[in-house]
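What you are looking at is a predicted structure, and each value in this text was computed from that prediction instead of being measured. All residue numbers in this chain count up from 1 along the given sequence.
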Amino acid sequence: MVERLAARLGTTPMRLLLVGWALSAVLLLAGLALVLTGASPAVGFVLFVLGVITTMVVAVNLMRLRAGEHARKPSK
């Protein structure tokens with residue numbers, strides 16, 4: 001899945017996953033800031049949950065990508 005999206009965007013799968021991780025960090029920090037400052041706790045909670053979900057999706061896809069690279073490596 002990540003490989004196809006990366007090919008469509010013209011980048012590598014690893015770079016795409018790193019961008020996803022940066023996006024999830026921004027979502028987590030923005031959500032946390034909104035909740036802690038009391039500016040908009042409901043929106044902050046939603047952003048934080050989206051950041052958690054994005055982090056988990058990126059982590060699973062990173063493990064799949066690395067497992068695929070390991071499986072293609074010739075054994076010695």
Side-chain angles (χ1 to χ4, degrees):
M1 182 173 98
V2 174
E3 291 88 357
R4 285 185 286 179
L5 181 60
R8 285 185 185 170
L9 295 175
T11 185
T12 63
M14 185 61 75
R15 184 172 292 169
L16 185 65
L17 290 172
L18 289 175
V19 168
W21 232 324
L23 175 66
S24 67
V26 168
L27 288 171
L28 287 167
L29 291 174
L32 187 63
L34 286 173
V35 168
L36 291 179
T37 60
S40 182
V43 174
F45 178 73
V46 170
L47 287 178
F48 190 82
V49 169
L50 285 175
V52 169
I53 292 170
T54 306
T55 301
M56 296 309 296
V57 168
V58 168
V60 167
N61 281 307
L62 182 62
M63 287 188 287
R64 285 182 180 170
L65 181 67
R66 297 297 291 167
E69 290 174 358
H70 183 67
R72 286 189 295 265
K73 188 182 287 187
S75 60
K76 294 182 180 181

> Any chain of hydrophobic side-chain contacts (each under 4.5 Å) joining M56 to L50?
Replying inline: no

> In Å, rounded to the nearest 0.5 Å, how long is the span from CD of E3 to CZ of R8?
Replying inline: 13.0 Å

> side chain to side chain donor-acceptor pair (under 3.5 Å) between T54 and S24: does it pass, once the steps are laid out?
Replying inline: CA-CA 6 Å; T54 306; S24 67; over 6 Å; no

> Can you name the side chain to side chain donor-acceptor pair (under 3.5 Å) partners of R66, sequence neighbours left out?
Replying inline: E69

>> Quick check for you: to the nearest 0.5 Å, what is the distance between N61 atom CG and W21 atom CH2?
In response: 10.5 Å

> Same hydrophobic cluster for V58 and M14, using side-chain heavy-atom links shorter than 4.5 Å among ILVMFWY?
Replying inline: yes

> Rounded to the nearest 0.5 Å, how far apart are CG of L32 and OG1 of T37?
Replying inline: 9.5 Å

>> With a 4.5 Å cut-off on side-chain heavy atoms, are L23 and V19 touching?
In response: no

>> Run the side-chain contact (heavy atoms from CB on, under 4.5 Å) test on L16 and L9 for me, step by step, so that the C-alpha distance in whole Å, both residues' side-chain angles and the decisive distance to 0.1 Å come before the verdict.
In response: CA-CA 9 Å; L16 185 65; L9 295 175; 3.8 Å; yes

> Are F48 and L27 close enough that some pair of their side-chain heavy atoms sits under 4.5 Å apart?
Replying inline: no

> Do V52 and V35 belong together in a cluster built from hydrophobic side chains that touch within less than 4.5 Å?
Replying inline: no

>> Nearest 0.5 angstrom please: L29 CG to L47 CG, how far?
In response: 11.0 Å

> Looking only at heavy atoms, which two atoms of L34 and G44 are closest? And how far apart?
Replying inline: CB-CA, 3.7 Å

> Should F45 and V49 count as side-chain neighbours, where that means a heavy-atom distance under 4.5 Å?
Replying inline: yes

> Just how far is it from atom CG of L18 to atom OG1 of T11, taken to the nearest 0.5 Å?
Replying inline: 9.5 Å

> Can you name the closest pair of heavy atoms from L28 and G51 and give their distance?
Replying inline: CD2-C, 3.8 Å

